[in-house]
Asks: 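First, the structure itself, so that you have it in front of you.
Every number for a ligand or one of its atoms is a count from 1 in the order of the listing.
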Amino acid sequence: MQGPYLAIQSNPESEELLKEEINIRFPELRPSFSAPGFLTYKCSQGVVSEKDLTKFLPVYSLKVGMFYAKVGRKQVAEKLKQLEKDLSAPYVIDPTSSQCLEIDQLVKAQNGSLPKINDWIVWIYLYEQKECWITIYPYRPPISSFGLLPSAIPKDAPSRAYLKMAQTFARLKLNKVQDPQTFLEIGCAPGGVAYFLLQEGHFVLGIDTGDMDQKLLNSPMADRLKTIRRSVQEVRKGDIEKSLQRLSVPSFEWLANDLNLPIPMAFNEAMRISQYSQDLWGLLITLKTPSVESLPQLMTAIKKLSHSERDFCYVQALHLPAHKKECLLVALKEKACKVLEIGPLKPYFGDDQDRPKNN
Ligand SMILES: C[S@@+](CC[C@H](N)C(=O)[O-])C[C@H]1O[C@@H](n2cnc3c(N)ncnc32)[C@H](O)[C@@H]1O
């Protein structure tokens, strides 16, 4: 299957970052159409193929697919019949497609079907209440997503960071990890992420100079939570070993990082602390990108992770709906990929730009 354009769903708040990222990272893409939350790009090789959908994966995109057709609202059903013939396979309509009566009926007719890996997903963008722009992509989580991610924050959650971890779990399907594991979280106060992880049954070792939420500390879940109340730069291997002993766990499997520090500092501390794990499964590093000026630093961090000698099987930087001007750098070891049923992935940086620069 091929299409004339790459179609991208974006968070309108992060569109400036998305456009600049594509500009510096994928010079072979040329902008074609742009409306709030939806953009298309033409590829210098002429057409966009299925393979390109695992290559052109901008950090600040919410979905990436092939543009299939643009039709009036009344013609959608007919066009989708044509699509089924062209694909020679059934498809599932993503329920986050723009809402309008015609599409609602089609979504309802599918009766809440959930896609299987490699099924075709159809996503429809309604432009100016008139035109339906139809985009398709194969379902390959977590590279591609389907449906809505969690959007509710429980009233006792200490911060909105709760939602970032809830959406990370949903996107990576981290609930497939059944046994309790230990998450070391750098920048844990006041505790929204810790609240989510503890509710999932995991252990949390947090590092922060700030105060944790008192209600969380008083809750029964807090017997699986310990904190090191110090600046991360001062934390040494021995401090972590002592705190892990207090938690009665042998090591930590996941490093989560949610520091409001510049990218090089936040990234380097995450990499340093993660070396103290005896059994690392993965890194979930949130990096703040307040403006397009921070993009070169982000690209350097992604390249360093991708070329790191620590053997990460899957490396991707993601933008989640709960993110403001920030993104999540995900790096998974082979054992995590096996349990989560995720294939290998390394980010693509244009043809000759994928070596890290030493800064
Ligand atoms: C975005 S907030 C974290 C929110 C938190 N993850 C939650 O779930 O509520 C960023 C945190 O980074 C912490 N922080 C900033 N610089 C730090 C440093 N050098 N060492 C430790 N913590 C730091 C701040 O105190 C702040 O609590």
Asks: With backbone taken as N, CA, C and O and side chain as the heavy atoms from C-beta onward, which portion of Gln233 lies under 4.0 Å from ligand 1: side chain, backbone, both, or neither?
Replies: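 The answer is the side chain of Gln233.
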
Asks: Using a 4.0 Å heavy-atom cut-off, which part of Ser159 comes near ligand 1: side chain, backbone, both, or neither?
Replies: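 Contact part for Ser159 vs ligand 1: side chain (C-beta onward).
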
Asks: To the nearest 0.1 Å, how far is atom 4 (C) of ligand 1 from its closest protein heavy atom, and which atom is that?
Replies: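 For atom 4 (C) of ligand 1, the nearest protein heavy atom comes out as Ala189 O, 3.2 Å.
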
Asks: Could you pull out, from Ile186, Asn260, Ile228, the option with a heavy atom nearest to atom 12 (O) of ligand 1?
Replies: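 Among Ile186, Asn260, Ile228, the closest heavy atom to atom 12 (O) of ligand 1 comes from Asn260.
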
Asks: Is there at least one pair of N or O atoms, one from Val193 and one from ligand 1, spaced under 3.5 Å apart?
Replies: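 Yes: some nitrogen or oxygen of Val193 is under 3.5 Å from one in ligand 1.
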
Asks: Just to verify, which of Phe196, Trp254, Phe252, Phe183 counts as forming a ring pair (Phe, Tyr, Trp, His ring centres under 6.0 Å) with His202?
Replies: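 Output: one option passes, namely Phe183.
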
Asks: Do Asp94 and Tyr139 make a side-chain contact, defined as non-hydrogen atoms from C-beta onward lying under 4.5 Å apart?
Replies: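 Not touching, per the 4.5 Å side-chain cut-off.
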
Asks: With a 4.0 Å heavy-atom cut-off (strictly under), which part of Glu185 contacts ligand 1: side chain, backbone, both or neither?
Replies: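 The part of Glu185 near ligand 1 is the side chain, not the backbone.
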
Asks: What distance separates Ser61 OG from Leu17 CG, expressed to the nearest 0.5 Å?
Replies: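 Nearest 0.5 Å value for the OG-CG distance: 12.0 Å.
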
Asks: If hydrogens are left out, which of Ala194, Gly192, Gly187 has an atom nearest to atom 5 (C) of ligand 1, that is, the closest non-hydrogen atom?
Replies: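 It is Gly187 whose heavy atom sits nearest to atom 5 (C) of ligand 1.
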
Asks: Would Pro158 count as a contact of ligand 1 if the rule is a heavy atom under 4.0 Å away?
Replies: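 In this structure, Pro158 fails to qualify as a contact of ligand 1 - no heavy atom is under 4.0 Å.
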
Asks: Identify, for atom 20 (N) of ligand 1, the protein heavy atom at the shortest distance, and state residue, atom and that distance.
Replies: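 Atom 20 (N) of ligand 1 sits closest to the protein heavy atom Val232 N, 2.9 Å.
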
Asks: Tell me whether the NZ or CZ atom of Lys303 lies within the 45° cone about the ring axis of Phe349 and under 6.0 Å from its centre.
Replies: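 Judged by the rule, Lys303 and Phe349 form a cation-pi pair.
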
Asks: Look at atom 2 (S) of ligand 1 and find which of Leu216, Asp258, Asp208, Leu259 reaches it with the closest heavy atom.
Replies: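 The option holding the nearest heavy atom is Asp258.
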
Asks: In terms of relative ring orientation, are Tyr125 and Phe38 parallel, tilted or perpendicular, with 30° and 60° separating the classes?
Replies: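 Rings of Tyr125 and Phe38: parallel, as their planes differ by under 30°.
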
Asks: Using distance alone, determine whether Ile207 and ligand 1 share an N or O pair under 3.5 Å.
Replies: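 Among all N and O atoms of Ile207, none is under 3.5 Å from an N or O of ligand 1.
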
Asks: Would you say the ring centers of Tyr41 and Phe56 fall short of 6.0 Å from each other?
Replies: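 Here the rings of Phe56 and Tyr41 have centres that are no less than 6.0 Å from each other.
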
Asks: Among Leu287, Ile302, Thr289, Leu329, whose side-chain contact (heavy atoms from CB on, under 4.5 Å) with Val59 holds?
Replies: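 It is Ile302; the other options fail the test.
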
